[in-house]
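To start, the structure itself, in structure tokens.
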Amino acid sequence: MTREKLSNSELAEIFQTIADLLEIKGENIYKILAYRKAADSLDNLGREAADIARENGLASIPGVGKAIAEKITELLNTGKLEFLEKLEQEVPAGLVGLLKVPDVGPKKVALFWKELGVTSLSDLEAAARQGRLRTLPGMGEKSEAKVIAGIEALGRRTDRMPLGRAWPAAQELLGFLRQAPGVVRADVAGSLRRMRSTIGDVDLIVAAKDPRPVMDAFIHHPDVLRIVSQGDIKSSVEFTHRLRAQLWVQPPERFGTALVYATGSKDHNVRLRELALTKGLSLSDKSFLNKDGSELLCAEETEVYDVLGLPWIPPELREDHGEVEAALTGKLPRLLERSDLRADLHDHTNWSDGVLSIREMALAAKARGFSILAITDHSGGLGVTGGPTIEQLKDQRLEIDAVQQEMADSIRLLQGTEVEIKADGALDYPDEVLAQLDIVVASLHVSLRQPRPQITKRLIDAIRNPNVDIIGHPTGRLIPDREGADLDMEAVLSAARESGVALEINSHPARLDLDDVYARRAAEMGIPLAVNTDAHAASDLDLVIFGVATARRAWVSPEIVINTWDYGRLRGWLDRRIK
DNA sequence: GCCGTTTTCGGCCCGACTGTTTTCAGTCG
């Protein structure tokens, strides 16, 4: 029997569990951090660890040394890890779940376990409700109440919220805060500013001489459900609709260091502080501190990086995924920007499940600065969307021609399709029909749970079809509900490189597919990328900022994004196909 | 446990907030 090798995310999860267990056990914190760093590296590799292991390259993964490489090898070969099994005999695995309770960390978990025999969430809740926690050293009635509140919060807490929901909520809050007395400026920070696909808490930061009236306004916002913590310069609240937000306030002359600090990531900040130390400085959210105790204030982020001898690093890169090294050696990429995009190459109209006519879509795209628009309605076979039949494609072409004539040179329209890759691997229109279209996006929507070899072959067959230009939302993931298909991504990427087919970064915040990790890998391999909105309505075109953000997180430069090309170059690329 | 054009051993960031404490530990980011 052949066993499927563990995936990177499964390996990462195992190492996070090891770190959790070691933390409860009270191990050396740096050993724990080493396991977490290795887990993060695995999650952001873009290649299967199994493939790297075959090349004996595990130790080249950042944060993976001899000991962890051996553990990865053992896990890949046997599916088990003796080290973890021994650890679980010392520390009950159920304790890991307790760490999810807010305000409960490894020290308290160890305390509850050793003193009260608590090994599960229900044990903990029972002990708290029976008033047994308050008897423990360092615990009191308030701490006990906090544990109960934390368990309740866990029950109603959703997972991290999608970027597309956090972003508009944050914009509203910023507008609110800018009305508060004495606010000089207000910005988003944290994972939202880094544009991660999902957001935990919304982090906000304000510059104001006197923090008190701002904090006051924040915690008295009409939608605040409860105040999680409240201080002079930092407060945290839970809003209705399960949104949680955190606010920092610093005087304007310290805004630069504060914004860097609040933006993170934590790992990026650690790298910056290490760098500061080599220059005899200590970096905090307030300032740089010289050894003689004198302060160096930074009102702008650029000043912070300048002191460290670095160019300003875009927030999307601040994950400690090589950006500090790149900045040190002058190798930061020129990242894609919204203004680089001329084309949107994946759009729907009322010819399938979109709400606007071709003319209305063209006007909406033009109004947003696009000069090229591809009409790519679903192929007729994807039942629910009511796309055009082969016959109707001819009528659609006539309508596109008419709109093109009306709008003249202000926008170039392409007739395309989002052709369904059917469950059996065939495309939903015959090749001779596809060959007559200007552009072909091929996508998976059905039978996404096929076994890896089958669905991988299905996608690769589409990639190798000479009529296909772009693979739309390649994995089919939906945030937060659905994992992507179980694809052999290395094989998919290799096929795309061979065929010169572009892979999409779908901008819809429920997709962001390719994600930042695979988009980075694809870009490294020189595969063309397409940043598209997949718009079904005018306002969907505005979602392009999330696709651009994902590309930026993937270190993508404009040259490799086909949407940045002028019409002549794009047309030439599309015509490279044998028709 | 990882890592090294200052190191193969000895480092590995920093502070706010809370609650339980009379000076600090735990949690969080």
Side-chain angles (χ1 to χ4, degrees), chain A residues 15 18-19 22-24 26-41 58-72 83 98-112 133-147 149-150 189-194 199-203 205 211 215 227-236 244-250 254 257-258 260-289 308 318 320 325 328-329:
Chain A
F15 288 120
I18 289 172
L22 290 175
E23 215 168 0
I24 295 166
E27 252 295 358
N28 176 298
I29 185 63
Y30 296 107
K31 185 185 285 195
I32 292 155
L33 289 173
Y35 279 107
R36 297 207 190 282
K37 173 70 185 168
D40 179 70
S41 272
L58 287 176
S60 69
I61 298 170
V64 175
K66 190 163 173 286
I68 293 183
E70 281 172 2
K71 291 185 175 69
I72 294 174
F83 174 78
L98 302 188
L99 294 171
K100 290 197 168 62
V101 180
D103 300 311
V104 173
K107 297 282 166 44
K108 284 188 183 166
V109 169
L111 183 70
F112 301 154
L133 298 187
R134 67 183 70 177
T135 63
L136 298 172
M139 293 287 295
E141 281 184 42
K142 280 191 176 178
S143 302
E144 190 175 75
K146 249 187 164 175
V147 169
S191 56
L192 183 53
R193 184 161 180 247
R194 303 198 310 276
I199 309 298
D201 295 2
V202 170
D203 294 310
I205 178 161
M215 280 303 173
I227 298 164
V228 179
S229 75
Q230 179 186 352
D232 293 338
I233 61 167
K234 185 177 134 186
S235 293
S236 174
R244 302 204 333 163
Q246 185 160 228
L247 174 68
W248 283 268
V249 186
Q250 284 284 342
R254 298 177 189 273
T257 41
V260 167
Y261 171 81
T263 299
S265 65
K266 194 172 180 294
D267 290 336
H268 177 81
N269 288 351
V270 167
R271 298 301 306 277
L272 296 189
R273 292 193 194 110
E274 285 171 358
L275 206 51
L277 285 177
T278 67
K279 298 178 186 299
L281 295 165
S282 164
L283 172 62
S284 77
D285 58 329
K286 292 197 176 63
S287 63
F288 285 101
L289 207 59
L308 297 171
R318 299 184 197 171
D320 191 25
E325 292 81 352
L328 278 168
T329 52

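Order of the sequence lines fixes the chain letters, A, B, ..., with proteins taken first and strands second; residue numbering starts at 1 for each chain.
- Put simply, the residue from A:Lys108, A:Arg36, A:Lys107, A:Lys31 that forms a salt bridge (charged side-chain N to carboxylate O under 4.0 Å, His left out) with A:Glu23 is A:Arg36.
- With rounding to whole Å, A:Lys234 atom NZ is found 11 Å from B:dC28 atom P.
- A:Asp201 places its CG atom 18 Å from the P atom of B:dT27, with the value rounded to the nearest Å.
- Rounded to an integer number of Å, the gap from A:Phe112 CZ to B:dT27 C1' is 12 Å.
- The same atom, C1', is picked in B:dT23 and in B:dT18; the two are 15 Å apart, to the nearest Å.
- Comparing B:dG19, B:dC12, B:dC2 by their nearest atom to the side chain of A:Ala67 picks out B:dC2.
- For A:Leu272 and B:dG29, the CG to C1' distance is 15 Å, given to the nearest whole Å.
- Between B:dT27 and B:dT21, the distance separating the two P atoms is 15 Å to the nearest Å.
- The closest side-chain heavy-atom distance from A:Asp320 to A:Val270 is not below 4.5 Å.
- A:Asn269 has its CG atom 15 Å from the P atom of B:dA16, to the nearest Å.
- At whole-Å resolution of the value, CD in A:Glu325 and C1' in B:dT5 are 15 Å apart.
- With DNA chain B read from its 5' end, the first of the two nearest nucleotides for A:Leu33 and A:Ile61 is the one closest to A:Ile61.
- Taking atom P on both nucleotides, B:dG4 is separated from B:dT8 by 13 Å, rounded to a whole Å.
- Annotation: B:dT22 and B:dC28 have their P atoms spaced 23 Å apart (nearest Å).
- Checked by atom type, the side-chain pair A:Asp203/A:Gln246 shows a donor-acceptor distance below 3.5 Å.
- Spacing between atom CD1 of A:Ile68 and atom P of B:dC3 amounts to 9 Å, rounded to whole angstrom units.
- In B:dT7 the O4'-C1'-N dihedral to the base is within 90° of 0, which defines a syn nucleotide.
- The residue among A:Lys142 and A:Leu99 whose nearest nucleotide of DNA chain B is located toward the 5' end is A:Lys142.
- For the C1' atoms, the distance from B:dC3 to B:dT7 is 9 Å, rounded to whole Å.
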Atom pairs under 3.5 Å: protein N/O with N/O of nucleotides 23-26 of chain B:
none

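- Within the nucleic acid shown, A:Tyr35 comes within 4.0 Å of sugar-phosphate atoms alone, with no base atom in reach, counting heavy atoms only.
- Looking only at atom types and distance, the side chain of A:Thr263 has a donor-acceptor partner in the side chain of A:Arg193 under 3.5 Å away.
- Comparing B:dT20 with B:dG15, their P atoms are spaced 26 Å from each other, to the whole Å.
- Separation of atoms CD1 (A:Ile233) and CG (A:Leu247) is listed at 10.5 Å; rounding is to 0.5 Å.
- A:Glu23 comes within contact range of no nucleotide atom at all, as no heavy-atom separation falls under 4.0 Å.
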Protein-nucleotides 8-11 of chain B N/O pairs under 3.5 Å:
none

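- A:Ser235 comes within 4.0 angstrom of no nucleic acid atom, judged by non-hydrogen atoms across all strands.
- A:Asp267 places its CG atom 14 Å from the C1' atom of B:dC2, with the value rounded to the nearest Å.
- The side chain of A:Tyr30 places no N or O atom within less than 4.0 Å of a non-bridging phosphate oxygen (OP1 or OP2) of B:dG1.
- When both distances must be under 3.5 Å, the Watson-Crick or G-U wobble mate of B:dG15 is B:dC28.
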